[in-house]
Amino acid sequence: MKAWSSSFYDMLLTEYPNLLPQFKTENLTRNAEERGHLTNIPHGTTVLALKYKDGVIIAGDRMATEGYQVSARRIEKVYRCDDYSAIAISGAAGVCIEIARLLQVELEHYEKIEGVELTIEGKANKLSQMIKGNLPLAMQGLVVIPIFAGYDLKKEEGRIYKYDITGGKYEEIDYHSTGSGGKDARNTLKKLYSPDMPEDKAVLTALEALYDAAEEDIGTGGPDMVRGIFPIVKVINKGGITDIEQAQIEASYRQLINSRRKAITKEK
């Protein structure tokens, strides 16, 4: 090793580039048939984030698809990065999960070397660098499109960042959703969102947005009452990260479904 670096990612890039995802592909100029095989792998679908008056909510459904097939029903798409930030992933599942875990190590490594925690902007920039490094694989169909959310301890507010496949980073003021059902989820967020909503209302809004996305998008998993599978929802505020209990999410969905059932019955 030439020198200690506060960036674990830069250290890998310099000393062990073979361990990074983009160097695992032998040939970057694949034909259409080969690209088809690469895209026929598990893909994560809909994830979202929205601010509320005390912080930010980040959430995702649990389904992964492989073409028109269900690849996994219990995949986790929302990962804790550190005490005040999380990443929600959509795109090629394997690469997405690898980048999420690499970001976790990157932030822990930086804190140990520098003795201080990165700012929320710095964390978002680190993720941008990793997505840019994945561009060769993205050009072959292994796209990673995450949402990064965290609590800014200096500004005392939640913050949300979205990305494009080149690593371009853009901050969202209120909310964002991406993945195959991202557009449908955003339609619901647009109708229900209010920046001063309390935590319980913000969680319900996130769940309703994912429910509506599942109704319109075949790649998004809805609440599975039979198997007991529900979205992952994390709340980030000045107290850190909290996972919303699955029992609470199930109760919220039963209430939402009953409300929708009554509305349909009334229309008839």
Side-chain angles (χ1 to χ4, degrees), residues 45-61 77-78 80-81 84-88 90 120-121 123-124 145-163 169-217 220-223 230-264 266-267:
T45 49
T46 307
V47 294
L48 61 83
L50 68 154
K51 293 185 187 178
Y52 72 104
K53 69 174 186 177
D54 295 322
V56 62
I57 307 288
I58 186 166
D61 75 304
K77 305 175 185 176
V78 185
R80 174 187 180 278
C81 296
Y84 294 98
S85 64
I87 180 174
S90 68
I120 189 73
E121 184 80 19
K123 297 172 188 176
I145 308 175
I147 297 175
F148 180 75
Y151 187 77
D152 191 327
L153 292 168
K154 291 184 177 178
K155 292 189 174 181
E156 297 186 338
E157 65 176 7
R159 298 179 72 176
I160 299 169
Y161 296 90
K162 66 179 181 181
Y163 300 85
K169 173 177 69 72
Y170 315 95
E171 184 169 5
E172 284 290 341
I173 302 301
D174 297 320
Y175 57 81
H176 182 62
S177 62
T178 189
S180 62
K183 182 180 178 181
D184 302 300
R186 279 197 300 277
N187 287 337
T188 299
L189 292 172
K190 185 187 298 181
K191 290 186 292 184
L192 302 180
Y193 182 75
S194 172
D196 59 351
M197 64 173 64
E199 179 181 314
D200 57 346
K201 177 64 176 176
V203 170
L204 287 173
T205 299
L207 293 176
E208 189 161 351
L210 289 173
Y211 186 87
D212 288 343
E215 282 200 329
E216 301 297 328
D217 172 51
T220 304
F230 303 97
I232 299 293
V233 182
K234 294 182 186 296
V235 178
I236 314 173
N237 53 38
K238 65 180 179 181
I241 292 184
T242 305
D243 288 330
I244 300 298
E245 296 290 337
Q246 291 287 285
Q248 179 183 340
I249 294 174
E250 180 179 1
S252 297
Y253 269 131
R254 290 192 183 281
Q255 185 177 359
L256 174 63
I257 292 170
N258 286 334
S259 175
R260 298 257 175 124
R261 185 182 293 120
K262 288 178 181 177
I264 292 173
K266 190 175 181 180
E267 287 178 1

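The figures here come from the full heavy-atom set of this structure, side chains too, leaving out hydrogens, waters and symmetry mates.
Between atom CD1 of residue Ile236 and atom OH of residue Tyr52 there is a gap of 9.0 Å, rounded to the nearest 0.5 Å. Atom CD in Gln255 sits 8.0 Å away from atom CG in Asn258 (nearest 0.5 Å). Note: Tyr170 OH to His176 NE2 = 11.0 Å, rounded to the nearest 0.5 Å. Of the inter-residue distances, the one linking Ile120 atom CD1 with Leu153 atom CG reads 8.5 Å to the nearest 0.5 angstrom. Considering CD of Glu208 and CG of Asp212, their distance stands at 5.5 Å, rounded to 0.5 Å. Of the inter-residue distances, the one linking Lys51 atom NZ with Tyr151 atom OH reads 11.5 Å to the nearest 0.5 angstrom.
Of the possible polar contacts, one joining the Ser177 side chain to the Gly182 backbone as a donor-acceptor pair under 3.5 Å is found.
Among Lys154, Arg159, Lys155, the one residue that satisfies the salt bridge (charged side-chain N to carboxylate O under 4.0 Å, His left out) test with Glu121 is Arg159. Val235 pairs with exactly one of Ile244, Asp54, Ile241 by the side chain to side chain contact (heavy atoms under 4.5 Å, CB included) rule, that one being Ile244. The only option from Leu189, Leu210, Leu48 that meets the side chain to side chain contact (heavy atoms under 4.5 Å, CB included) definition with Thr205 turns out to be Leu189.
Shown here is Glu156, whose CD atom has no more than 12 heavy atoms of other residues, nucleotides or ligands within 6.0 Å. Atom CD of Glu245 is surrounded by 12 or fewer heavy atoms from other residues, nucleotides or ligands within 6.0 Å. The number of heavy-atom neighbours closer than 6.0 Å to CD of Glu171, taken from other residues, nucleotides and ligands shown, is above 12.
For the residue pair Ala206 and Leu50, the shortest heavy atom distance occurs at CB-CD2, 3.8 Å. Between Ala88 and Ala59 the shortest heavy-atom distance is CB-O, 4.5 Å. Scanning both residues, Ile58 and Ala86, for their nearest heavy atoms gives CD1-O, 3.8 Å. Taking each heavy atom of Tyr84 and Gly239 in turn, the nearest pair found is CE2-C, 4.5 Å. Considering all non-hydrogen atoms of both residues, Pro198 and Lys53 come closest at CA-CE, 4.3 Å. In this structure, Asp217 and Ser180 approach most closely via the heavy-atom pair OD2-OG, 2.6 Å.
Side-chain polar atoms of Asp61 and Thr46 form no donor-acceptor pair below 3.5 angstrom.
You'll find the side chain of Cys81 reaches within 4.5 Å of the side chain of Phe148, heavy atoms only. A heavy-atom distance below 4.5 Å is found between the side chains of Asn237 and Glu199.
Qualifying salt bridge (charged side-chain N to carboxylate O under 4.0 Å, His left out) partners for Asp243, counting only residues two or more places apart in sequence or in other chains: Lys234.
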TODO: Determine, step by step, whether Tyr175 and Ile57 satisfy the side-chain contact (heavy atoms from CB on, under 4.5 Å) criterion, reporting the C-alpha distance in whole Å, the side-chain angles of both residues, the deciding distance to 0.1 Å, and the verdict.
DONE: CA-CA 9 Å; Tyr175 57 81; Ile57 307 288; over 6 Å; no

TODO: Mind running side-chain contact (heavy atoms from CB on, under 4.5 Å) on Arg80 and Ile87 for me, showing each step along the way?
DONE: CA-CA 7 Å; Arg80 174 187 180 278; Ile87 180 174; over 6 Å; no

